[in-house]
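These notes are about the structure you will find just below.
Values reported hereafter were calculated over all heavy atoms of this structure, with side chains retained and with hydrogens, waters and symmetry mates removed. What you see is a predicted model; the values in this text were computed from it and never measured.
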Amino acid sequence: VKKRGDNVSKVKENIKSDIAQYIQSLQEKREDAREEVPPTPKPVEETSSGGSLLPIVALALFALLMACIVFFYIRMWLPMDRKVHDLKGELKDTKNRLSDLADELHALKLDHSNLKSEKEELDNELRQLSRKQKSAPTEYESTSQPSKPANCDFYAGIPTNGSFEVRDSYKPGNSIYVLHTSGNSGTYELVQRDEVLRIVRKSRTSYIEPACNILSESEVFSNVKTEKPGRVCLDGDRWRIVEKASVRLV
């Protein structure tokens, strides 16, 4: 037993010796490795260089944003400002024009008022003249109208509504009848001229029948013979038919 215990103690001493040698060798290798490895760069410098770029990037983004805002203003708001300026100018011109029109309207109202006053004055003068004329009709008629001869001849066309509108002289193409008057009455007959016969032969119903009674029915005739003159009387400024003339178509 004693011998076995000595062997165990020797083994323990050997193990301790081996462990001490191993630890010493590791320390020597560690020191050798420190001497061979170069010093690593400090990370503080990378952090400081990377941090210095951040303000530059922020400034660039801010400049880009301002450029976009200016571009948007130029493209959108500047034309609108011009349009607003033009509209203000047009509104000012319109106001000036309306002011001028108001002045013109006022002047027209004054002119209308003056013309109305003048018209009233003229109407008063006309009424006064009319009263004076009515107060002395005989004197006015004797001084303004010349006296007609007792016996005179007039010429007329086709009668309308049973009366003739006469003229003092013969007018070719319009004078169909001749009136022999005395005072306010007279007689009438067709004008005995070739051109009158040519006119009445075109339509007896239009030129003969309104003023004459036809004694003979004939569609074809070359002359119109007055058997009995018609009678007329003065009615205002026209000569009204009292009795139609009697004619014969030959």
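A donor-acceptor contact shorter than 3.5 Å links the side chain of T181 to the backbone of C152.
Residues passing the side chain to side chain contact (heavy atoms under 4.5 Å, CB included) test with K228, sequence neighbours excluded: E243, S246. D168 pairs by the salt bridge (Lys or Arg N to Asp or Glu O under 4.0 Å) definition with nothing, not counting sequence neighbours. For K119, the side chain to side chain donor-acceptor pair (under 3.5 Å) partners two or more places apart in sequence, or in a different chain, are D123. The side chain to side chain donor-acceptor pair (under 3.5 Å) search around D153 returns H180, not counting sequence neighbours. Considering only residues two or more places apart in sequence or on other chains, A245 meets the side chain to side chain contact (heavy atoms under 4.5 Å, CB included) condition with Y188, C212. The side chain to side chain contact (heavy atoms under 4.5 Å, CB included) test applied to S175 returns Y155, R167, Y170, K171, not counting sequence neighbours. Legend: residues meeting side chain to side chain contact (heavy atoms under 4.5 Å, CB included) with V250, ordered by chain and number and at least two apart, are N223, R248.
Contact detail for Y177 and P159: the closest heavy-atom pair is CE1-CD, 4.3 Å.
L179 contributes atom CG, which lies 6.0 Å from atom CZ of F164 (distance to the nearest 0.5 angstrom). To the nearest 0.5 angstrom, R231 atom CZ is 12.0 Å from I241 atom CD1. Expressed to the nearest 0.5 Å, how far CH2 of W239 lies from SG of C233 amounts to 8.0 Å.
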Identify all side-chain donor-acceptor contacts of residues 196-205 below 3.5 Å with residues at least two apart in sequence or on another chain.
residue: R201; atom: NE; partner: F221; partner atom: O; Å: 3.1
residue: S203; atom: OG; partner: T205; partner atom: OG1; Å: 3.2
residue: S203; atom: OG; partner: S206; partner atom: N; Å: 3.3
residue: S203; atom: OG; partner: S206; partner atom: OG; Å: 2.9
residue: R204; atom: NH1; partner: S218; partner atom: O; Å: 3.2
residue: R204; atom: NH2; partner: E217; partner atom: OE1; Å: 2.7

Identify all side-chain donor-acceptor contacts of residues 93-113 below 3.5 Å with residues at least two apart in sequence or on another chain.
residue: T94; atom: OG1; partner: E90; partner atom: O; Å: 2.8
residue: N96; atom: ND2; partner: K92; partner atom: O; Å: 3.2

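Within the 4.5 Å cutoff, the side chain of V232 has no heavy atoms near those of the V242 side chain. Contact annotation: the side chain of L249 approaches that of I214 to within less than 4.5 Å [non-hydrogen atoms, C-beta and beyond]. Here the side chains of K225 and V247 are not in contact, with every heavy-atom distance at 4.5 Å or above.
Residue pairs that meet the salt bridge (Lys or Arg N to Asp or Glu O under 4.0 Å) test with at least one member in residues 232-242, sequence neighbours left out, are E165-R238, D235-R240.
Within 6.0 Å of the CG atom in N161, the count of heavy atoms belonging to other residues, nucleotides or ligands does not exceed 12.
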